[in-house]
There are 2 protein chains.
Amino acid sequence: MATNFDNYFKSAFTVDNVIFGFDEGDLKVLLIKRGEEPHIGEWALPGYFVKTEEDLDAAAKRVLSELTGLTNVYLEQVHAFGSVNRHAFGRVITVSYFSLIKIDNYIIQPSSIALQAQWHTVNDLQHLAFDHDTILESCLQRLKWLVKTRPVGFELLPPKFTLTELQHLYEAILRSPLDKRNFRKKILSMNLLVDCDETQEGVAHRPAKLYKFDRKRYNKLVEQGFNFELKETPIKKKTSAELSN
Amino acid sequence: MATNFDNYFKSAFTVDNVIFGFDEGDLKVLLIKRGEEPHIGEWALPGYFVKTEEDLDAAAKRVLSELTGLTNVYLEQVHAFGSVNRHAFGRVITVSYFSLIKIDNYIIQPSSIALQAQWHTVNDLQHLAFDHDTILESCLQRLKWLVKTRPVGFELLPPKFTLTELQHLYEAILRSPLDKRNFRKKILSMNLLVDCDETQEGVAHRPAKLYKFDRKRYNKLVEQGFNFELKETPIKKKTSAELSN
DNA sequence: TTGGTTAGTGCATTTTTTACACTAATTACC
DNA sequence: GGTAATTAGTGTAAAAAATGCACTAACCAA
């Protein structure tokens, strides 16, 4: 084994952020149009180099803020991508982060190195720069898992929302339809929603009730180890007995 | 933002492997006694620098092999740890990997930079070098999650095992007791075990039947999207209604 | 006032989970 | 050879959760 450690200190890290939003019934992801080589002019996840004197998690926040103007976003690490030839400039390992935000709450202001920052519909994407297709896909998997484990849907919706909007969000993430009555029963039984005593306005049909998410209660339940699991209801699953042959 | 990218190429990566085993009813982890600075003489996870010309996943395998003699071990990435002052020699980000192995199948041969490589009972550990306590803890969480999702128990047991051994393994990972009848019912209903038509020998009580894991069937079920979820049975969970006040 | 549209609601059946205690097979020891 | 010690192995009833399904309610527009 090498005794000269200096040889190892010749690599770089980047962070790449996968920021999900939800609008008009579609799951969206925030992308930038790169204004720098390599991959100049291509759409990419908002990411950049980590400085040697900053923590990884802090770098993810800073980079997101510098490229898109978004601040105070909760970011969660997903995976490190470390193939040798990911990057034209040398050995670069990237660590991906993901987040869920309410699109309306944030104004996006691309910086100099990002020509544009824009929401894109996930189902309708072109090829992205670097290996960002792979990175995005792994975050989509994470989101799919997360939505079955925690009531993350609320993070993506405006403060007041209808049950139908919430259901559509779940359907977009899980990519499968849910039964209306069963969905409502399960969500309401968690006691996480507060009835706002308001209804939708300006719709050409019966207006729906508006609800908001009770974060206090959510925190309390988390503390008590409550299991938020929400199973899919749509496709009937086969039992192991039926699969035996 | 910097235009001189060279400034970013001054960091190093390491990989740290958390190898779990199971023996005598206890969950074990493989540690090395470090033979190099920093932290010379301390117990640590088997990890080392990633070469600039090798893939991250490949590095994890190589390092494990060089430090402990273990080869052909399946490794799964867990998390990247990137605080600034983790390492005395400079900026080092480590990516942790974990694996489950059958202790009997592998002969451990420490290399020159590892003074020793040894199995340690997880519940009975001293402080580890670097931030390896944190890294180990995150892998324990991952294992706890994994065991509820996939029948990973089989990875840790010898080819032929009894249902009681399997149950004890689950209890060690979940850190809570399980009901014998319910555990057996659920495990057997997955149809993943094959009765070996043999019984234990040399025990001073009724000998238990030996089973083996049917990997073919497992692969088939995975392919069909079968849900292996195994819930804990022990502590009665409160419903959301009971938690309402 | 009628048609179009989405909101909102209940119940019966099936499946899964849970709680629980005795008999069976073997060895060790007297 | 008998008995004590030890772990293996088994079933059922009750409770909880999941599932499948179809009609009425409220609003707007034409």
Side-chain angles (χ1 to χ4, degrees), chain A residues 24-25 148 157 160-171 174 176-191 193 195-211 226-244, chain B residues 24-25 148 157 160-171 174 176-191 193 195-211 226-244:
Chain A
E24 296 167 10
K148 285 196 252 184
L157 292 172
K160 298 178 181 180
F161 51 85
T162 71
L163 290 177
T164 301
E165 283 165 358
L166 185 62
Q167 183 179 340
H168 286 162
L169 169 56
Y170 273 86
E171 289 172 336
L174 296 171
S176 78
L178 300 169
D179 179 87
K180 183 160 66 160
R181 281 184 280 200
N182 294 338
F183 177 79
R184 284 165 184 242
K185 199 190 315 177
K186 206 174 292 183
I187 288 288
L188 290 173
S189 76
M190 290 184 187
N191 289 116
L193 298 188
D195 190 335
C196 298
D197 276 319
E198 287 177 68
T199 53
Q200 277 182 310
E201 281 174 27
V203 288
H205 55 78
R206 174 174 177 176
K209 271 190 189 177
L210 293 173
Y211 290 86
F226 181 73
N227 180 1
F228 292 98
E229 190 163 356
L230 180 112
K231 289 200 185 134
E232 297 156 80
T233 45
I235 299 140
K236 192 177 176 178
K237 286 205 184 120
K238 290 182 184 173
T239 65
S240 60
E242 286 176 296
L243 293 170
S244 293
Chain B
E24 296 168 10
K148 284 195 253 185
L157 291 173
K160 297 178 179 179
F161 50 85
T162 71
L163 290 178
T164 302
E165 282 166 359
L166 185 61
Q167 183 179 339
H168 287 163
L169 170 57
Y170 273 86
E171 289 173 335
L174 297 171
S176 77
L178 300 168
D179 179 87
K180 184 161 67 163
R181 279 184 281 200
N182 294 338
F183 177 79
R184 283 163 184 242
K185 199 188 314 175
K186 207 173 291 181
I187 288 289
L188 290 173
S189 76
M190 289 182 186
N191 289 117
L193 297 189
D195 190 336
C196 298
D197 275 320
E198 287 176 65
T199 52
Q200 275 180 311
E201 281 174 25
V203 288
H205 55 77
R206 175 174 177 175
K209 272 190 187 175
L210 293 174
Y211 290 86
F226 181 72
N227 180 3
F228 292 97
E229 189 161 357
L230 179 113
K231 287 198 186 139
E232 297 155 81
T233 45
I235 298 141
K236 191 177 177 180
K237 285 203 185 127
K238 291 181 183 175
T239 65
S240 60
E242 286 176 297
L243 294 168
S244 294

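As a basis for the values below, the full set of heavy atoms in this structure was taken, side chains included, without hydrogen atoms, waters or symmetry mates. By convention in this document, chain letters (A, B, ...) are assigned in the order of the sequence lines, proteins followed by strands, and residues within each chain are numbered from 1.
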Heavy atoms of B/T164 and B/R184 approach each other most closely as OG1-NH2, 3.2 Å

Report yes if a side-chain nitrogen or oxygen of A/R206 is closer than 4.0 Å to either non-bridging phosphate oxygen (OP1 or OP2) of D/dC28; otherwise report no. no

Tell me which of A/H205 and A/R181 sits closer to the 5' end of DNA chain C, going by the nucleotide each one is nearest to. A/H205

Provide the closest heavy-atom pair for B/L174 versus B/K148 in the form atom of the first, atom of the second, distance. CD2-CG, 4.0 Å

A/D195 CG to C/dA7 C1', straight-line distance once rounded to whole Å: 13 Å

D/dT12 base to B/K185 side chain: any donor-acceptor pair below 3.5 Å? yes

The reported gap from CG in A/D195 to OH in A/Y211 (rounded to nearest 0.5 angstrom) is 5.0 Å

When you match A/K180 and A/T199 each to their closest nucleotide on DNA chain D, which lands nearer the 5' end? A/K180

B/R184 side chain near D/dG9 phosphate (N/O to OP1/OP2, under 4.0 Å): yes

Between D/dT7 and B/T164, is there an OP1 or OP2 to side-chain N/O distance shorter than 4.0 Å? no

Of all the nucleotides listed (D/dT19, D/dG9, C/dT26), which has the minimum atom distance to the side chain of B/A208? D/dG9

When all nucleic acid strands are considered with a 4.0 Å heavy-atom cut-off, which category describes B/K209: base, sugar-phosphate, or nothing? sugar-phosphate

With respect to the side chain of A/A204, which nucleotide from C/dA7, D/dC28, D/dT6 is positioned closest? D/dC28

Do the non-hydrogen side-chain atoms of B/T162 and B/L210 ever get within less than 4.5 Å of each other? yes

